[in-house]
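In what follows, a single structure is set out as C-alpha coordinates and then discussed.
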Amino acid sequence: MNFNEIYEKSLMDAQATHIKSSNFSSKPIMTTGIISPESTICIQPMFDIKFRLDKDGMNNVIEMFENKWNMKTESERKNLLSVLTDVYSITEEYIGGHGNSATRQEAYFQATDNRLDLSQIKGKNIGLCAERAAIGHQLLSILERAGITNFESFFTNSHITINTREPHSFIVLKHKKDASKQYIFDIENPLEYKESEDSEPKLGIALYPMTEEEYQAFKTGKSISPQSIYEQFGMQVVGAKRFYGDEEYSRKQEMER
(Lines give C-alpha, C1' and ligand atoms only; values in the text may rest on other atoms or scores of the structure.)
Protein backbone atom coordinates (compact mmCIF):
# COMPACT_ATOMS: atom_id res chain seq x y z
CA MET A 1 0.00 0.00 0.00
CA ASN A 2 1.61 3.28 -1.15
CA PHE A 3 0.29 5.91 1.25
CA ASN A 4 2.24 8.74 -0.35
CA GLU A 5 0.60 8.00 -3.68
CA ILE A 6 -2.84 8.09 -2.05
CA TYR A 7 -1.92 11.40 -0.40
CA GLU A 8 -0.75 12.91 -3.71
CA LYS A 9 -3.95 11.85 -5.48
CA SER A 10 -6.04 13.27 -2.63
CA LEU A 11 -4.36 16.65 -3.04
CA MET A 12 -5.98 17.02 -6.47
CA ASP A 13 -9.35 17.49 -4.75
CA ALA A 14 -8.10 19.32 -1.66
CA GLN A 15 -9.01 23.01 -1.50
CA ALA A 16 -6.82 25.55 0.29
CA THR A 17 -8.60 26.89 3.35
CA HIS A 18 -8.01 28.77 6.57
CA ILE A 19 -8.96 26.55 9.50
CA LYS A 20 -10.11 28.68 12.40
CA SER A 21 -9.19 28.30 16.05
CA SER A 22 -11.83 27.59 18.70
CA ASN A 23 -10.74 30.55 20.86
CA PHE A 24 -13.80 32.60 19.95
CA SER A 25 -16.27 29.81 19.20
CA SER A 26 -18.64 27.94 21.53
CA LYS A 27 -19.23 25.24 18.91
CA PRO A 28 -16.59 22.82 17.61
CA ILE A 29 -14.94 23.61 14.28
CA MET A 30 -14.73 20.23 12.53
CA THR A 31 -12.69 19.84 9.33
CA THR A 32 -12.76 16.62 7.33
CA GLY A 33 -10.77 15.39 4.32
CA ILE A 34 -7.11 15.86 3.44
CA ILE A 35 -5.82 19.30 4.42
CA SER A 36 -3.87 20.84 1.55
CA PRO A 37 -0.28 22.13 2.00
CA GLU A 38 -1.52 25.64 1.15
CA SER A 39 -4.07 25.64 3.96
CA THR A 40 -3.30 27.44 7.20
CA ILE A 41 -4.36 26.26 10.63
CA CYS A 42 -4.94 29.07 13.10
CA ILE A 43 -3.45 28.22 16.48
CA GLN A 44 -3.72 31.53 18.32
CA PRO A 45 -5.78 34.22 16.55
CA MET A 46 -4.84 36.95 19.03
CA PHE A 47 -1.18 36.63 17.97
CA ASP A 48 -1.90 35.54 14.36
CA ILE A 49 0.02 32.29 14.92
CA LYS A 50 -0.46 29.84 12.05
CA PHE A 51 0.67 26.33 11.09
CA ARG A 52 0.86 24.53 7.72
CA LEU A 53 1.09 20.87 6.73
CA ASP A 54 3.68 21.35 3.98
CA LYS A 55 4.37 18.50 1.53
CA ASP A 56 7.96 17.87 2.62
CA GLY A 57 6.85 17.40 6.20
CA MET A 58 3.86 15.26 5.24
CA ASN A 59 5.95 13.03 2.94
CA ASN A 60 8.30 12.39 5.85
CA VAL A 61 5.45 11.62 8.27
CA ILE A 62 3.72 9.33 5.77
CA GLU A 63 6.93 7.39 5.15
CA MET A 64 7.36 6.86 8.92
CA PHE A 65 3.76 5.70 9.23
CA GLU A 66 3.99 3.37 6.25
CA ASN A 67 7.06 1.69 7.77
CA LYS A 68 5.08 0.98 10.93
CA TRP A 69 2.06 -0.17 8.92
CA ASN A 70 4.12 -2.68 6.93
CA MET A 71 5.30 -4.30 10.16
CA LYS A 72 1.75 -4.80 11.48
CA THR A 73 -0.12 -8.08 11.25
CA GLU A 74 -3.47 -8.23 9.46
CA SER A 75 -5.34 -8.40 12.76
CA GLU A 76 -3.42 -5.38 14.10
CA ARG A 77 -4.36 -3.39 10.99
CA LYS A 78 -8.03 -4.08 11.70
CA ASN A 79 -7.71 -3.10 15.37
CA LEU A 80 -8.60 0.58 15.83
CA LEU A 81 -6.72 0.86 19.13
CA SER A 82 -3.56 -0.57 17.55
CA VAL A 83 -3.77 1.80 14.57
CA LEU A 84 -4.38 4.87 16.75
CA THR A 85 -1.48 3.91 19.01
CA ASP A 86 0.79 3.97 15.94
CA VAL A 87 -0.63 7.34 14.86
CA TYR A 88 0.09 8.73 18.34
CA SER A 89 3.64 7.31 18.38
CA ILE A 90 4.38 8.87 14.97
CA THR A 91 3.53 12.33 16.32
CA GLU A 92 5.80 11.72 19.32
CA GLU A 93 8.63 10.49 17.14
CA TYR A 94 8.34 13.23 14.52
CA ILE A 95 7.81 16.20 16.81
CA GLY A 96 10.34 15.01 19.36
CA GLY A 97 8.18 14.69 22.44
CA HIS A 98 6.03 17.08 24.43
CA GLY A 99 6.97 20.73 24.61
CA ASN A 100 5.35 23.62 26.45
CA SER A 101 3.25 26.58 25.33
CA ALA A 102 5.89 29.23 26.11
CA THR A 103 8.59 27.53 24.00
CA ARG A 104 6.11 26.92 21.22
CA GLN A 105 4.89 30.54 21.18
CA GLU A 106 8.45 31.88 21.10
CA ALA A 107 9.28 29.64 18.13
CA TYR A 108 6.28 30.92 16.15
CA PHE A 109 7.08 34.54 17.00
CA GLN A 110 10.59 34.08 15.61
CA ALA A 111 9.26 32.64 12.33
CA THR A 112 8.37 34.69 9.27
CA ASP A 113 4.75 35.91 9.53
CA ASN A 114 4.37 33.94 12.79
CA ARG A 115 3.94 30.76 10.73
CA LEU A 116 5.72 27.42 10.89
CA ASP A 117 5.43 24.46 8.55
CA LEU A 118 5.36 20.82 9.61
CA SER A 119 8.90 20.27 8.27
CA GLN A 120 10.17 23.18 10.38
CA ILE A 121 9.02 21.74 13.71
CA LYS A 122 10.52 18.26 13.25
CA GLY A 123 12.34 17.12 16.38
CA LYS A 124 12.07 20.50 18.10
CA ASN A 125 9.61 19.64 20.90
CA ILE A 126 7.31 22.55 20.07
CA GLY A 127 4.25 20.81 18.65
CA LEU A 128 1.23 20.67 20.93
CA CYS A 129 -2.44 19.77 20.38
CA ALA A 130 -3.08 21.53 17.04
CA GLU A 131 0.03 20.23 15.30
CA ARG A 132 -0.43 16.70 16.64
CA ALA A 133 -4.14 16.51 15.83
CA ALA A 134 -3.46 17.82 12.31
CA ILE A 135 -0.81 15.14 11.68
CA GLY A 136 -3.04 12.39 13.07
CA HIS A 137 -6.02 13.59 11.06
CA GLN A 138 -4.00 13.49 7.82
CA LEU A 139 -2.83 9.91 8.44
CA LEU A 140 -6.33 8.70 9.36
CA SER A 141 -7.79 10.44 6.31
CA ILE A 142 -5.27 8.60 4.11
CA LEU A 143 -6.38 5.27 5.59
CA GLU A 144 -10.00 6.21 4.91
CA ARG A 145 -9.17 7.20 1.31
CA ALA A 146 -7.36 3.89 0.88
CA GLY A 147 -10.51 2.02 1.92
CA ILE A 148 -8.70 0.52 4.91
CA THR A 149 -11.02 2.06 7.50
CA ASN A 150 -14.66 3.13 7.49
CA PHE A 151 -14.02 5.90 10.01
CA GLU A 152 -14.15 9.49 8.79
CA SER A 153 -11.71 11.73 10.64
CA PHE A 154 -12.53 15.27 11.75
CA PHE A 155 -9.72 17.63 12.76
CA THR A 156 -11.58 19.33 15.59
CA ASN A 157 -11.01 22.65 17.31
CA SER A 158 -13.04 22.93 20.51
CA HIS A 159 -12.38 23.16 24.25
CA ILE A 160 -11.23 20.93 27.07
CA THR A 161 -12.08 21.45 30.73
CA ILE A 162 -10.12 19.75 33.48
CA ASN A 163 -9.64 22.41 36.15
CA THR A 164 -10.15 25.29 33.73
CA ARG A 165 -11.65 25.62 30.25
CA GLU A 166 -9.04 25.89 27.48
CA PRO A 167 -9.12 25.91 23.67
CA HIS A 168 -8.04 22.49 22.46
CA SER A 169 -7.54 20.52 19.22
CA PHE A 170 -8.20 16.80 18.90
CA ILE A 171 -9.67 14.24 16.50
CA VAL A 172 -13.26 13.04 16.23
CA LEU A 173 -13.83 9.74 14.42
CA LYS A 174 -17.25 8.88 12.98
CA HIS A 175 -18.05 5.52 11.38
CA LYS A 176 -19.53 6.00 7.92
CA LYS A 177 -21.82 2.96 8.08
CA ASP A 178 -22.54 2.35 11.77
CA ALA A 179 -24.14 5.41 13.42
CA SER A 180 -23.47 3.96 16.88
CA LYS A 181 -19.68 4.24 16.50
CA GLN A 182 -17.98 7.58 17.14
CA TYR A 183 -14.97 8.51 19.21
CA ILE A 184 -12.98 11.42 20.59
CA PHE A 185 -9.27 10.73 20.07
CA ASP A 186 -7.33 13.21 22.21
CA ILE A 187 -3.95 12.68 20.60
CA GLU A 188 -2.23 15.33 22.74
CA ASN A 189 -3.24 13.92 26.13
CA PRO A 190 -2.64 10.20 26.72
CA LEU A 191 -4.31 8.68 29.77
CA GLU A 192 -2.89 6.96 32.81
CA TYR A 193 -4.96 3.96 33.83
CA LYS A 194 -4.84 1.03 36.25
CA GLU A 195 -5.99 -2.45 35.36
CA SER A 196 -6.85 -2.98 39.04
CA GLU A 197 -6.75 -0.95 42.26
CA ASP A 198 -3.35 -2.36 43.27
CA SER A 199 -1.67 -2.40 39.84
CA GLU A 200 0.89 0.10 38.60
CA PRO A 201 -0.39 2.88 36.31
CA LYS A 202 0.06 2.41 32.58
CA LEU A 203 0.00 5.03 29.82
CA GLY A 204 -2.41 4.60 26.92
CA ILE A 205 -4.00 6.67 24.19
CA ALA A 206 -6.99 8.82 25.13
CA LEU A 207 -9.89 7.29 23.22
CA TYR A 208 -13.47 8.01 24.26
CA PRO A 209 -16.41 6.16 22.66
CA MET A 210 -19.41 8.51 22.35
CA THR A 211 -23.06 7.60 22.26
CA GLU A 212 -25.06 9.18 19.43
CA GLU A 213 -26.64 11.50 22.01
CA GLU A 214 -23.23 12.62 23.27
CA TYR A 215 -21.97 13.12 19.72
CA GLN A 216 -24.94 15.30 18.77
CA ALA A 217 -24.64 17.28 22.03
CA PHE A 218 -20.95 17.89 21.36
CA LYS A 219 -21.60 19.05 17.77
CA THR A 220 -24.03 21.70 19.02
CA GLY A 221 -21.41 23.10 21.40
CA LYS A 222 -22.39 21.33 24.58
CA SER A 223 -19.83 19.73 26.85
CA ILE A 224 -19.53 15.98 27.25
CA SER A 225 -17.41 13.69 29.38
CA PRO A 226 -17.69 10.19 27.89
CA GLN A 227 -16.03 7.22 29.56
CA SER A 228 -12.67 6.21 28.14
CA ILE A 229 -12.17 2.77 26.63
CA TYR A 230 -10.30 1.76 29.80
CA GLU A 231 -13.23 2.69 32.03
CA GLN A 232 -15.62 0.84 29.75
CA PHE A 233 -13.53 -2.29 30.31
CA GLY A 234 -13.72 -1.85 34.07
CA MET A 235 -10.33 -0.20 34.60
CA GLN A 236 -9.57 2.92 36.61
CA VAL A 237 -8.35 6.18 35.06
CA VAL A 238 -5.80 8.15 37.06
CA GLY A 239 -6.30 11.91 37.16
CA ALA A 240 -9.09 14.45 36.92
CA LYS A 241 -12.13 13.96 34.69
CA ARG A 242 -12.01 15.69 31.32
CA PHE A 243 -14.87 17.53 29.61
CA TYR A 244 -14.81 18.25 25.88
CA GLY A 245 -16.81 21.17 24.48
CA ASP A 246 -18.56 24.05 26.19
CA GLU A 247 -19.01 24.26 29.98
CA GLU A 248 -22.73 25.00 30.09
CA TYR A 249 -23.89 21.46 29.36
CA SER A 250 -21.52 19.83 31.85
CA ARG A 251 -22.73 22.08 34.66
CA LYS A 252 -26.34 21.28 33.85
CA GLN A 253 -25.57 17.56 33.84
CA GLU A 254 -23.84 17.78 37.23
CA MET A 255 -26.85 19.60 38.71
CA GLU A 256 -29.23 16.92 37.46
CA ARG A 257 -27.25 14.05 39.03
Side-chain angles (χ1 to χ4, degrees), residues 14 16-58 60-61 65 84 87-142 153-162 164-173 184-190 205-208 218 242 244-246:
T17 185
H18 179 70
I19 300 172
K20 296 179 181 178
S21 165
S22 61
N23 292 56
F24 304 124
S25 174
S26 61
K27 291 185 179 182
I29 298 164
M30 302 173 71
T31 303
T32 192
I34 295 291
I35 299 171
S36 75
E38 294 78 22
S39 298
T40 55
I41 299 169
C42 180
I43 294 177
Q44 292 185 21
M46 289 183 68
F47 301 112
D48 197 29
I49 290 176
K50 301 178 292 290
F51 173 66
R52 283 200 324 180
L53 291 159
D54 65 302
K55 281 187 69 174
D56 286 345
M58 273 308 306
N60 195 187
V61 166
F65 182 64
L84 296 182
V87 170
Y88 168 76
S89 68
I90 288 295
T91 65
E92 282 285 281
E93 186 179 342
Y94 185 87
I95 290 173
H98 276 68
N100 62 67
S101 56
T103 304
R104 176 211 213 186
Q105 187 165 291
E106 182 181 354
Y108 276 94
F109 282 160
Q110 291 176 352
T112 304
D113 297 326
N114 292 354
R115 192 198 76 209
L116 287 174
D117 290 348
L118 177 59
S119 58
Q120 293 174 296
I121 69 171
K122 182 179 180 181
K124 295 183 179 178
N125 296 68
I126 58 174
L128 295 177
C129 62
E131 295 92 340
R132 290 168 182 271
I135 294 170
H137 165 76
Q138 292 282 81
L139 294 177
L140 291 166
S141 296
I142 289 170
S153 174
F154 295 87
F155 172 61
T156 303
N157 289 304
S158 183
H159 298 88
I160 185 171
T161 302
I162 303 176
T164 59
R165 180 174 179 265
E166 301 288 345
H168 189 49
S169 299
F170 47 91
I171 295 167
V172 169
L173 294 171
I184 285 176
F185 175 30
D186 189 353
I187 195 169
E188 163 69 8
N189 294 312
I205 64 168
L207 186 64
Y208 302 89
F218 172 76
R242 301 173 184 174
Y244 293 88
D246 187 75

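For S22 (side chain) and S158 (main-chain N/O), a donor-acceptor pair under 3.5 Å exists by modelled atom type. The closest donor-acceptor contact from the side chain of T32 to the backbone of S153 lies under 3.5 Å. The backbone N or O of T40 lies less than 3.5 Å from no partner atom in the side chain of R115, so there is not a single donor-acceptor pair.
Looking only at side-chain heavy atoms (C-beta outward), P190 and I205 stay at 4.5 Å or farther from each other. Looking only at side-chain heavy atoms (C-beta outward), V61 and L53 stay at 4.5 Å or farther from each other. Two residues are said to be in side-chain contact when any heavy atoms from C-beta on lie closer than 4.5 Å; N60 and S119 fail this criterion. Side-chain contact between L116 and E131: absent, with no pair of heavy atoms (C-beta onward) separated by less than 4.5 Å. With contacts defined as side-chain heavy-atom distances shorter than 4.5 Å, the pair L128/E188 qualifies.
Annotation: side-chain contact (heavy atoms from CB on, under 4.5 Å) contacts of K20 (sequence neighbours excluded): H18, I29.
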Original post:
So S21 and N157, side-chain contact (heavy atoms from CB on, under 4.5 Å) or not? Walk me through it.
Top reply: CA-CA 6 Å; S21 165; N157 289 304; 5.7 Å; no
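Rounded to the nearest 0.5 angstrom, R132 CZ and D186 CG are separated by 11.0 Å. A distance of 11.5 Å separates CZ of F51 from OG of S39, quoted to the nearest 0.5 Å. Within the model, atoms CD1 of I187 and OG1 of T91 stand 4.5 Å from one another, a figure rounded to the nearest 0.5 Å.
A centroid separation of 6.0 Å or more is found between the aromatic rings of F47 and Y108.
No more than 12 heavy atoms of other residues, nucleotides or ligands sit less than 6.0 Å from atom CG of D113.
Note on ring orientation: taking the six-membered ring where Trp is involved, the planes of Y244 and F170 are perpendicular (angle over 60°, cut-offs 30° and 60°).
Applying the salt bridge (charged side-chain N to carboxylate O under 4.0 Å, His left out) test between D117 and each of K55, R52, K124 identifies R52 as the sole match.
Looking at S26 and D246, their side chains never bring a donor and an acceptor atom within 3.5 Å of each other.
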